[in-house]
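Notes to accompany the following structure.
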Amino acid sequence: MNEHLETNVLIIGSGIAGSSAALILAEAGIDTILISKGKDFSETNTHWAQGGIACLGQNEKAQDFINDILKSGDFINKPSAVEQVVRESRSLVEKILIQKLEIPFSTSNGNYDLAFEAAHSKRRILNIKDMSGKIIQEYFYAYLKKLKKLKILFRHTAIDLLTYPHHSQNPARVYQEPKTIGAYILNQSTKKVIRVFARKVILATGGLSSIFLHSTNPADSCGSGVAMAYNAGTKLAHLEYVQFHPTSLFHKDVDRFLISETIRGEGAKLMNRKGEYFMKKYSSHGDMATRDEVSRAIYEEMIKNDDDYVMLDLASFAKIDVKERFPTIYETCMKVGVDIQKKPIPVVPAAHYSCGGILVGLDGRTSLKNLYAIGEVANAGVHGANRLASVSLLEGLVWGVKSAEDIAKYLDDEKEPYTISEVPEWKYPSPQEELDPALVWQDRVTIKYIMWNYSGIIRTQKRMERAKSDLQYLRHRIIKFYQKTEMTNSIIDLRDSVQTALLVVQAALRNKVSRGAHFIKSTRD
Ligand code: SIN
């Protein structure tokens, strides 16, 4: 059966970036399809974000916020992108999140209750306690599902971008500028692959941190947008800058649950298992140093003392009602027997955020015609070598809006952007082998160990070379397996994980300078 869908805009990914773009496009009367791999909106990085959304304060100088972002990024950020994210912050947060969606940000005495996180020079983070992303995502969904011009498809996974000339059976397409015209999409329920044709495609697929053994991200944050863009020949940049969050809960029964930096913002201090508060030894900013410095310090302490974790002591320093301010963290820790009001929390660093990604301009355009990328999958230049906390939701919002506005302006720039009959339907392998979950699981775990041990918080040339050759071999095997096996979400994630891991390692090998989240230790040290 020749199954396909047609739309003006296809958005792949449903976090704050994809949701913001969908809102602007659908309200502008533009037919839009938004697809999500998840069963609902709860499987995004946005949903898991605890801290909040940084926003320029009423009485604050824009330059102070700009300086904090640049300093955190070790000054390799793109100045115009940093300017854009800061200068648009207040108006877009107010217009979209507060007025349109009516998100109930925390207040006290009639003022927003702003949170503090490392490397910010002042309190400027709007939050809803430690459930900021979850509530933002829920309010978006409640609003978006009512929009007539928007169709939301859950449990749909993008496999490949459809591109000209690559997917055209018309040889004359080679004389035209390469472009995207949609994507092959797996419907996880029917197991069928459909072609979705679109004038413009937006990648808003989120991050890649689950290619590492320890990660604060949902399990399927495996760089799918990066892998698809790479396969389509799109420019990528700075993939080596993977930010590690210093504090995720260390417990055998809980997958690395994020312990928000706002906890240190409320006075908590890191200590080793001998009971020594150690951060002042590593940075004059102590526990509020940048994330890369704190993560490396924890790693060093763990190695020196042969420990699997360090402790985060909130109980001795908190001047707030801990249970009231951090209800999710309190309950999660309580479930594993840690009362954070009384005891320190066992924590380890975990891969958290990709500062690099698909290279885009201020409008979200990539190097491939008709393809946009927004949010964590993109590298707009905001974060440089290391992201300042709570700027990611803001970036998703700003670039979601900017890309949608650009699309609305140029939607009809081509009369006939594609010809459906030129593009082949998906070819299923014949014979088609049944998927063996044990093989997929083993390969995913192998990738995670390689990335954690050879290309993680502290890298060496030797380890990265080893990672590259192991991943090249693994990719070869995985591609063969992928070509013969029935199509499922897990096999697409596996294919994308190995490709993305290799791209991260290759970028890390090319960059010989330690900076921000990319730290190379000389083997003679
Ligand atoms: C946190 O709450 O520590 C995470 C916030 C962020 O990564 O921006």
Side-chain angles (χ1 to χ4, degrees), residues 74 76 206-217 219-227 230 236-246 248 256 290-300 302-303 308 348-358 376-377 379 383-387 442-478 493-525:
D74 206 4
I76 59 158
L208 53 78
S209 291
S210 79
I211 61 173
F212 290 84
L213 185 61
H214 302 304
S215 159
T216 60
N217 290 197
D220 65 2
S221 280
C222 59
S224 51
V226 165
Y230 171 77
L236 310 169
H238 288 169
L239 281 171
E240 64 275 34
Y241 298 115
V242 178
Q243 178 178 75
F244 289 79
H245 195 290
S248 71
R256 301 297 160 254
T290 55
R291 282 187 182 172
D292 56 309
E293 291 176 292
V294 182
S295 293
R296 279 196 299 275
I298 294 176
Y299 195 81
E300 295 277 336
M302 281 164 45
I303 302 236
D308 291 337
V348 277
H352 185 57
Y353 190 87
S354 171
C355 303
I358 305 166
E376 189 174 348
V377 71
N379 178 359
H383 310 299
N386 187 25
R387 178 182 62 100
Q442 179 59 36
D443 283 347
R444 285 277 320 254
V445 171
T446 307
I447 296 166
K448 285 169 185 278
Y449 271 101
I450 293 172
M451 293 308 286
W452 186 258
N453 289 325
Y454 299 157
S455 195
I457 299 173
I458 295 183
R459 298 165 170 166
T460 69
Q461 182 76 14
K462 252 196 183 147
R463 290 179 197 166
M464 291 189 286
E465 274 160 13
R466 176 68 188 273
K468 184 175 159 193
S469 62
D470 286 1
L471 289 167
Q472 277 170 331
Y473 169 68
L474 205 53
R475 182 181 60 173
H476 168 75
R477 250 188 25 209
I478 289 170
D493 278 356
L494 175 62
R495 179 205 65 172
D496 293 343
S497 295
V498 75
Q499 181 60 69
T500 306
L502 198 49
L503 289 165
V504 170
V505 169
Q506 284 165 337
L509 269 168
R510 277 194 302 271
N511 186 347
K512 309 284 182 217
V513 182
S514 284
R515 177 176 251 157
H518 173 57
F519 185 83
I520 316 164
K521 187 175 162 151
S522 151
T523 34
R524 279 170 311 195
D525 283 354

To the nearest 0.5 Å, atom CG of L502 lies from atom CG of L474 at 10.0 Å
Under 3.5 Å donor-acceptor, Q506 side chain and K468 backbone
no
To the nearest 0.5 Å, what is the distance between NE2 (H214) and CZ (R256)?
5.0 Å
Only one of R477, R475, K448 passes side chain to side chain donor-acceptor pair (under 3.5 Å) with D443; say which it is.
R477
Taking H518 for the side chain and N511 for the main chain, is one N or O donor matched with an acceptor at less than 3.5 Å?
yes
Judged by atom type as modelled, is there a donor-acceptor pair below 3.5 Å linking the side chain of T460 to the main-chain atoms of K521?
no
Is N379 close to C355 at the side-chain level, that is, under 4.5 Å between some pair of heavy atoms?
no
Counting C-beta onward and ignoring hydrogens, is there a side-chain heavy-atom pair between H383 and Y241 closer than 4.5 Å?
no
Within the supplied structure, the quantity of interest is the number of heavy atoms (other residues, nucleotides, ligands) at a distance under 6.0 Å from Y299 OH; does it exceed 12?
yes
I'd like to check I298 versus V294 (side-chain heavy atoms, cut-off strictly below 4.5 Å). Are they in contact?
yes
Sidechain-backbone polar pair: D74 side chain, R515 backbone, donor-acceptor under 3.5 Å
no
Would you say that R444 contacts I211 through its side chain, given a criterion of any heavy-atom pair below 4.5 Å between the two side chains?
no
Check the side chains of S469 and E465 for a donor-acceptor pair under 3.5 angstrom, ignoring hydrogens and angles.
no
I need the D292 CG to I457 CD1 distance, nearest 0.5 Å.
10.5 Å
Determine, using ring centers only, whether F212 and F244 are less than 6.0 Å apart.
yes
SG/C222 to CG/D496 distance, rounded to the nearest 0.5 angstrom?
5.5 Å
With a 4.5 Å heavy-atom cut-off, do H238 and I76 have their side chains touching?
yes
Do you know the tightest heavy-atom contact between M464 and V505?
O-CG1, 3.5 Å
Verify whether one side chain among H352 and S209 offers a donor that lies under 3.5 Å from an acceptor in the other.
no
I need the minimum non-hydrogen distance between A507 and L239, along with the two atoms involved.
CB-CB, 4.1 Å
Flag, side chain of R463 to backbone of I458, donor-acceptor distance under 3.5 Å:
yes
Stacked cation flag R387 on Y353, 6.0 angstrom / 45 deg
yes
For residues N386 and A517, report the shortest heavy-atom separation together with the two atoms involved.
CB-N, 4.2 Å
Just verifying a value: how many Å separate Y230 OH and Q499 CD, rounded to the nearest 0.5 Å?
5.5 Å
Would you say L494 and I447 make side-chain contact, with heavy atoms under 4.5 Å?
yes
Do E376 and S221 have side chains that approach each other closer than 4.5 Å (heavy atoms only, starting at C-beta)?
no
Between atom CG of L208 and atom CG of L503, what is the distance when rounded to the nearest 0.5 Å?
9.5 Å
Is any side-chain heavy atom of I450 less than 4.5 Å from a side-chain heavy atom of L471?
yes
Determine the minimum heavy-atom distance between T290 and E293, stating which atoms define it.
OG1-OE1, 2.8 Å
Nearest heavy-atom pair of T500 and G223: which atoms, and what distance?
OG1-O, 3.1 Å
L509 versus Q461, closest heavy-atom pair with distance:
CD2-NE2, 3.8 Å
